[in-house]
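First listed ligand is number 1; within each ligand, the first listed atom is number 1.
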Amino acid sequence: MKWAMIATWRMAVEGITEAGKDLSEGGFAGDAIEKAIKTVEDFPFYKSVGYGGLPNENCEVELDAAYMDGDTLSIGAVGGIRDFSNPISIARKLSYERFNCFLVGAGAESYAHKEGFERKNMLTDRAKLHYKKKYKETVEKGLSPYNGHDTVGMIAVDKNGKMVAGTSTSGLFMKRRGRVGDSPISGSGFYCDSEVGGASATGLGEDLMKGCISYEIVRLMKEGMHPQEACDKAVQELNDKLARKRGKAGDLSLVALNNKGEWGVATNIEGFSFSVVSETEEPTVYVCKKQENGKTSYEKASEEWLQAYLNRIHEPITFD
Ligand code: SD4
């Protein structure tokens with residue numbers, strides 16, 4: 001069986017590079033997903049996942065994460081959890097529970113505490129600066145702070161054909177306390193069935209949920225579509241429907257992988273990046289163009305793009 005992994009955004013590439021080595025040696029897709037997502041969660045300069053994640057309107061970091069095993073359809077998820085370093089590991093642990101496998105807020109925290117997960121203050125000084133800057137530039141001027149998106153979502157297939165999906169995010173920057181996005185919601189932020197494939201989303205959770213879009217992509221793949229075709233169709237249809245019914249669609253960006261190791265992506269924004277590694281492909285970052293005529297095109301990120309990205313995430317945060 002061909003192993004492969006696809007993930008939203010450039011930020012996933014270090015994680016999938018490491019996890020890809022394990023998959024090449026016959027490792028389990030679930031271990032690969034957890035390892036790769038933990039790498040993203042632990043890195044303070046990825047500002048919308050885990051440590052260093054962007055805070056809510058009260059300047060508190062509340063994290064959402066999910067884990068789904070495509071063989072058993074087991075799902076574990078946490079919503080709005082605070083002060084734990086690796087929400088993905090807590091979500092995975094919950095996926096082994098028959099009942100109570102999706103916990104939020106204080107309940108998720110006491111479960112994590114009881115199970116011995118590492119506590120950590122997830123709010124960094126840099127995230128506080130991002131908050132202050134955003135506050136000045138938007139809230140103080142009466143503007144909406146809600147733009148941009150950066151959830152890490154990924155799917156892996158291993159040499160034994162087992163598939164797993166996972167997500168982790170600090171969600172919408174400046175969200176209301178207690179707000180939960182699509183990322184821990186089955187069928188919206190992720191879905192995975194080893195008999196078919198999996199999909200995962202990033203973008204505006206409130207709109208992604210309106211289309212249960214990750215499930216929709218898996219459903220289209222089950223009907224025989226290639227992941228690329230399924231992603232393009234689902235994103236175009238949801239984008240157009242939201243535009244028609246509501247006047248506009250929020251950001252919708254999806255990645256998908258089938259159980260043959262074939263992958264696809266679609267987005268309604270310019271500049272969505274994603275990372276891929278497989279038996280036949282070195283770890284690679286691609287950058288998408290916006291969908292046109294229902295088709296998403298992408299190209300390998302250039303050296304300049306990759307360098308500019310690194311400069312951007314490390315650059316000092318300034319505001320008057
Ligand atoms: C959410 N889909 O919570 C996520 C947001 C996102 O920053 O992609 N990230 O709605």
Side-chain angles (χ1 to χ4, degrees), residues 6-12 37 40-41 43-57 60-66 68 77-82 87-88 91 102 104-105 108 122-123 127 130-131 134 138 144-155 165-191 199-217 231 234-235 238-239 242 248-256 265-275 288 312-313:
I6 185 166
T8 57
W9 304 110
R10 145 71 184 84
M11 66 176 151
I37 292 186
V40 186
E41 288 177 339
F43 188 65
F45 288 92
Y46 296 147
K47 65 178 163 58
S48 48
V49 177
Y51 185 57
L54 291 171
N56 66 14
E57 64 177 5
E60 303 152 331
V61 180
E62 291 182 319
L63 302 168
D64 299 339
M68 179 165 188
V78 290
I81 191 169
R82 287 168 57 177
I88 187 62
F102 183 1
V104 300
M122 302 298 272
L123 182 64
H130 277 298
Y131 175 87
K134 187 75 152 187
T138 59
S144 165
Y146 302 138
N147 62 4
H149 64 282
D150 268 332
T151 294
V152 70
M154 40 179 95
I155 312 110
T167 60
S168 184
T169 187
S170 56
L172 194 63
F173 186 16
M174 308 280 268
K175 64 189 177 184
R176 197 162 286 171
R177 178 188 277 164
R179 178 262 189 196
V180 174
D182 59 300
S183 306
I185 308 287
S186 165
S188 289
F190 65 92
Y191 195 77
S200 186
T202 174
L204 181 65
E206 283 74 1
D207 279 0
L208 291 157
M209 286 192 262
K210 293 183 173 79
C212 298
I213 191 160
S214 291
Y215 182 79
E216 174 65 4
I217 288 171
C231 284
V235 168
L238 183 57
N239 179 74
L242 293 172
K248 62 175 180 238
D251 293 358
L252 313 169
S253 300
L254 272 296
V255 295
V265 302
T267 181
N268 65 351
I269 63 160
E270 193 75 39
F272 169 59
S273 63
F274 62 99
S275 306
C288 290
R312 192 168 66 245
I313 65 167

- Note on the structure: For Thr169, the ligand 1 atoms with a heavy-atom partner under 4.0 Å come out as 7 (O), 9 (N)
- Query: CZ/Phe190 to OG/Ser183 distance, rounded to the nearest 0.5 angstrom?
  - Reply: 9.0 Å
- Note on the structure: Only one of Leu254, Leu252, Val255 passes side-chain contact (heavy atoms from CB on, under 4.5 Å) with Phe272, and that residue is Val255
- Query: For ligand 1, is there an N or O atom under 3.5 Å from any N or O atom of Gly203?
  - Reply: yes
- Kindly indicate, with the supporting measurements, whether the criterion side chain to side chain contact (heavy atoms under 4.5 Å, CB included) is fulfilled by Arg179 and Glu57. CA-CA 10 Å; Arg179 178 262 189 196; Glu57 64 177 5; over 6 Å; no
- Task: For Thr151, counting its heavy atoms only, list the atoms of ligand 1 lying under 4.0 Å from any of them.
- Result: 2 (N), 4 (C), 5 (C), 6 (C), 7 (O), 8 (O), 9 (N)
- If you round to the nearest 0.5 Å, how far is OG1 of Thr169 from NZ of Lys175? 7.0 Å
- Item | Under 3.5 Å: N/O of Glu206 near N/O of ligand 1 | no
- Are any of the N/O atoms in Asp182 less than 3.5 Å from those in ligand 1? yes
- Task: Give the atoms of ligand 1, by number and element, whose distance to some non-hydrogen atom of Gly181 is under 4.0 Å.
- Result: 3 (O)
- Message: Quick check on contacts: which atoms of ligand 1 are under 4.0 angstrom from a heavy atom of Leu172?
- Response: 3 (O)
- Message: Taking the side chain as everything from C-beta on, heavy atoms only, tell me whether Met122 gets closer than 4.5 Å to Arg82.
- Response: no
- Query: Should Arg179 be counted as touching ligand 1, given the test is an N or O pair under 3.5 Å?
  - Reply: yes
- Note, Asp182 side chain near Thr151 side chain (heavy atom, < 4.5 Å): no
- Query: N/O of Gly205 under 3.5 Å from N/O of ligand 1, yes or no?
  - Reply: yes
- Task: Tell me, please, which residues at least two apart from Met174 pass side-chain contact (heavy atoms from CB on, under 4.5 Å).
- Result: Tyr131, Lys134, Tyr135, Val139, Pro145, Tyr146
